[in-house]
Amino acid sequence: MFRILTLIALLFGAPSLAATSSTVQANTVTARLVTVEDGVGPGSETISAGLQLVLEDGWKTYWRSPGEVGLPPDLSWDGSGNVASVDLAYPAPSRFEAFGIQNFGYAKEVVYPLTVRLIEPGEPARLVLTVNILVCAEICVPETLNLTLDIPAGGGIDAEAAALLSDWIARVPGTGDEAGMRLETVHMDDTTLTVLARSEQPFLSPDIFPERGDYAAFDRPEIVLADGGRTLFATLPVLNPGEGTLDLTLVDGRRAATMAATLSPVAPAPPAVGSAIWGVLLIALLGGLILNIMPCVLPVLSLKLASALQARDKSVGRVRGGFLASAAGVLVFFLGLAGVVIALRAAGVTVGWGMQFQNPTFLALMIALVVLFAANMLGLFAVNIGQGAMTGMAKIGGSGGWGGDFTTGMFAAVMATPCSAPFIGTAITYALTNGPTEIVAVFAAMGVGLSLPYLAVAVRPTLIQRLPRPGRWMRSVQMVLGGLLLLTAIWLITVLAASAGARTAVIVGVLVLLMLGALALRRQAVVVGGAGVFAVLATVLLLPSVTPAEASVDAGWEPFSEARIAQEVAAGNTVFVDVTADWCLTCKANKRLVLDRDPVSSALADIVALQADWTRPSDTIAAFLQANDRFGIPFNAVYGPGAPNGIVLPELLTDAVVLDAISAAAAN
């Protein structure tokens, strides 16, 4: 009913001012009542409304089943006029843990959707609400909020209020069929609740919230995913079994469903998860190999080319060791990245491929490193640290020791992350929908794939002998490669400007120019270079970011809105969604080679083209990607009457792929 009412409001309402109560401020929370309608329309039997609570930082309130401790909200409508009843819906909760105690509820903000049923249809109504809620941080504070809202006779729909209610209504758990989930087997004994469930689309970051009477309590679930994330196996320690029927609410990003559980006398067996991983590891290996020819990695491979040219006349052992060191650098980076991903997931942070390029500090560090590599290629400095270089840094990006080879490998791996090659999306999705072991295995396989060219030379060092002998021409090649790296640095500065603002980007650019000038003096290059990197990082850390309030979109595109997709499809229109970012070179290639050129550009002009800019972090865009089984970009999808759930396109676009998808989505 909530979804139907909101859809009607979105599709047929005219802009107007919604009826809204005065905002009430308590110690830890502010509250107001808001309605989609600005008045009771003729003959209307119901009003779509919402109770909005905005909590102070660090405070939370509770779901209908609060967990081990806490209280759900208590609402009284005594004193209301022309109100027969009010139905309150609960958006899907989040899990909170403090002092080893599990609680379910909401932080920062929650809007409870309300359906107000009238005694006299079409007549004015008066809402008088007393809300008693418990708000907790380190301490718990009971709050009482008194709200009053008069709704006159009239009509009209407010688009902003409809969008707000639509967003929170979409978070209310539906049925299993609506969410594409079903319970296979549920078993509970004195110690453990065991759940086997399946989903039409892969689970990404699922959680389970059991309800069984007022006193039931369960500990955090241990969840294992199988069948590409479509099978969920969970065990939850029983703290208090409670009494009555058992309901399970499965929450997975923006998807949620509440389902009644029929208890089985036998616990389900854990699913087999090992059989599928070998195929995924092969996919990850191929994806990593293809990254070598992506535009992100090519500037870094120029460093290894120069190093290989210099190593042509060196011993077989030295050549083999250098390329093995580069491969080790790639693998160490990918294994370290896997560790960071596991830690962030454990902390409840949403992660995705290439998201580090949204971080200004990381971008500043990369700019400084790229400029240092370019300075070395241009001959502005060279660092040697003697015979002990085999165990340390001998030359940045050069051939004086294995430390430089190791660093070049790590740098290539870092620069690969803003690119998305075929197979990468599949591998990353599998990794992030499984446990730590799968994450490490998949990331390691991608690292092996990226380092395969280095390993090939390490196996057959004589391949280097086929390169031309070093000569004067080599200096020209190094100058060209150094110029390419400087262009890479300029591109990173533009990404930094979009992420942290023009002021920060200009200051970082000036600092690296000063660093280049100091290196050109050829004095104390290591000290100067290190000081330059430190200065760049300190600048980004200490200066405030100046980020535009609104994400920009390219000409001919409209800003992304997930609610807009449903609205346009319901109206019979076709929608093309492009999730992009300034740091995503594959996205730029798709735009230049396909989306901005005929015949695709003409086709996009005839439909609704929505663009989501993920240059800066966005929970909304991240949730949309996860709902479509993606953890990175580029992401393109087409929606329409023939494909209301969307046709997801491959990472690398072609004219035929885009046009065929548009045609299929437009078909009735």
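Given the structure is predicted, the values throughout are model-derived calculations rather than measurements.
- To the nearest 0.5 Å, the span separating CG on L236 from OG1 on T192 amounts to 9.0 Å.
- Residues meeting the side-chain hydrogen bond (donor to acceptor under 3.5 Å, both in side chains) test with N590, sequence neighbours left out: none.
- For T191 and D189, the side-chain atoms include at least one donor-acceptor pair closer than 3.5 Å.
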Assess the residue pair L610 and I565 against the criterion (side chain to side chain contact (heavy atoms under 4.5 Å, CB included)); give the C-alpha distance rounded to whole Å, side-chain angles, the decisive distance to 0.1 Å, and a yes or no.
CA-CA 9 Å; L610 305 181; I565 297 174; 4.0 Å; yes

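- Nearest heavy-atom pair, A161 versus T35, reported as atom, atom and distance to 0.1 Å: CB-O, 3.6 Å.
- Within the 4.5 Å cutoff, the side chain of C136 has heavy atoms near those of the L134 side chain.
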Worked check of side chain to side chain contact (heavy atoms under 4.5 Å, CB included) between L75 and W77
CA-CA 7 Å; L75 278 62; W77 298 94; 4.1 Å; yes

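- Minimum heavy-atom separation, A581 to C587: N-SG, 4.3 Å.
- Judged as a side chain to side chain contact (heavy atoms under 4.5 Å, CB included), and not counting sequence neighbours, the contacts of S65 are W63, E211.
- Taking 4.5 Å as the limit, some side-chain heavy atom of L232 sits within range of a side-chain heavy atom of I208.
- Shortest non-hydrogen contact noted between V440 and A338 is CA-CB, 4.1 Å.
- Ion pairing between a basic and an acidic side chain is recognised when a charged N comes within 4.0 Å of a carboxylate O; R254 and D167 show such pairing.
- The closest side-chain heavy-atom distance from L33 to L114 is below 4.5 Å.
- With contacts defined as side-chain heavy-atom distances shorter than 4.5 Å, the pair P265/H187 does not qualify.
- Residues P206 and I223 form a side-chain contact, since some pair of their non-hydrogen atoms from C-beta on lies under 4.5 Å apart.
- Contacts of L263 classified as side chain to side chain contact (heavy atoms under 4.5 Å, CB included), with partners at least two apart in sequence or in another chain: V186, M188, R212, L246.
- Note on residues 228-245: pairs passing side-chain hydrogen bond (donor to acceptor under 3.5 Å, both in side chains), not counting sequence neighbours, are R198-T231, D227-T231.
- The CG atom of L127 sits 5.5 Å away from atom OG of S80, with the distance rounded to the nearest 0.5 Å.
- In this structure, the side chains of K108 and L53 stay at 4.5 Å or more apart for every pair of heavy atoms.
- Checking side-chain atoms of N103 against main-chain N and O of V69 turns up a donor-acceptor pair under 3.5 Å.
- Among the candidates L248, L250, T175, the single residue satisfying the side-chain contact (heavy atoms from CB on, under 4.5 Å) test with M259 is L250.
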Please test L289 against L450 for side chain to side chain contact (heavy atoms under 4.5 Å, CB included), starting from the C-alpha separation and ending with a verdict.
CA-CA 5 Å; L289 178 61; L450 184 61; over 6 Å; no

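- Applying the side-chain hydrogen bond (donor to acceptor under 3.5 Å, both in side chains) test to T574 and every residue at least two apart in sequence or in another chain returns nothing.
- Residues meeting the salt bridge (charged side-chain N to carboxylate O under 4.0 Å, His left out) test with D252, sequence neighbours left out: R255.
- The number of heavy atoms from other shown groups lying within 6.0 Å of CD (E184) is above 12.
- Note: L88 CG to Y112 OH = 7.5 Å, rounded to the nearest 0.5 Å.
- For F104 and Y62, the distance between ring centers is not under 6.0 angstrom.
- Between L281 and A441, the shortest heavy-atom contact is CD2-O, 3.4 Å.
- Every side-chain hydrogen bond (donor to acceptor under 3.5 Å, both in side chains) that T28 has, sequence neighbours left out, goes to E143.
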Evaluation steps, side chain to side chain contact (heavy atoms under 4.5 Å, CB included), between V131 and L129:
CA-CA 6 Å; V131 185; L129 172 61; 3.4 Å; yes

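- Pairing each heavy atom of Y106 with each of L55, the nearest pair is O-CD1, 4.2 Å.
- Counting only heavy atoms from C-beta outward, the side chains of V579 and I621 approach each other to under 4.5 Å.
- For F624, the ring pair (Phe, Tyr, Trp, His ring centres under 6.0 Å) partners are F560, F635, not counting sequence neighbours.
- By the side chain to side chain contact (heavy atoms under 4.5 Å, CB included) test, T185 is found to be paired with L196, S264, P268, residues two or more places apart in sequence or in another chain being considered.
- Inter-residue side-chain proximity for V111 and L51 is flagged as unmet; no heavy-atom pair is nearer than 4.5 Å.
- Of the possible polar contacts, one joining the S451 side chain to the G447 backbone as a donor-acceptor pair under 3.5 Å is found.
- Interatomic distance, OG of S199 versus CZ of R182, reported as 9.0 Å (0.5 Å rounding).
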Criterion side-chain hydrogen bond (donor to acceptor under 3.5 Å, both in side chains) on T115 and T46, from CA distance to verdict:
CA-CA 7 Å; T115 298; T46 60; over 6 Å; no

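- Counting only N and O atoms by type, the side chains of D578 and T580 include no donor and acceptor under 3.5 Å apart.
- R32 pairs by the salt bridge (charged side-chain N to carboxylate O under 4.0 Å, His left out) definition with nothing, not counting sequence neighbours.
- The side-chain hydrogen bond (donor to acceptor under 3.5 Å, both in side chains) test applied to E109 returns Q52, not counting sequence neighbours.
- N132 pairs by the side chain to side chain contact (heavy atoms under 4.5 Å, CB included) definition with D74, T130, T144, not counting sequence neighbours.
- With rounding to the nearest 0.5 angstrom, the CG atom of L285 is 11.0 Å from the CE atom of M446.
- The two residues P91 and P173 have their closest heavy-atom pair at C-CD, 4.1 Å.
- To the nearest 0.5 Å, atoms CZ (F443) and CG (L331) are separated by 13.5 Å.
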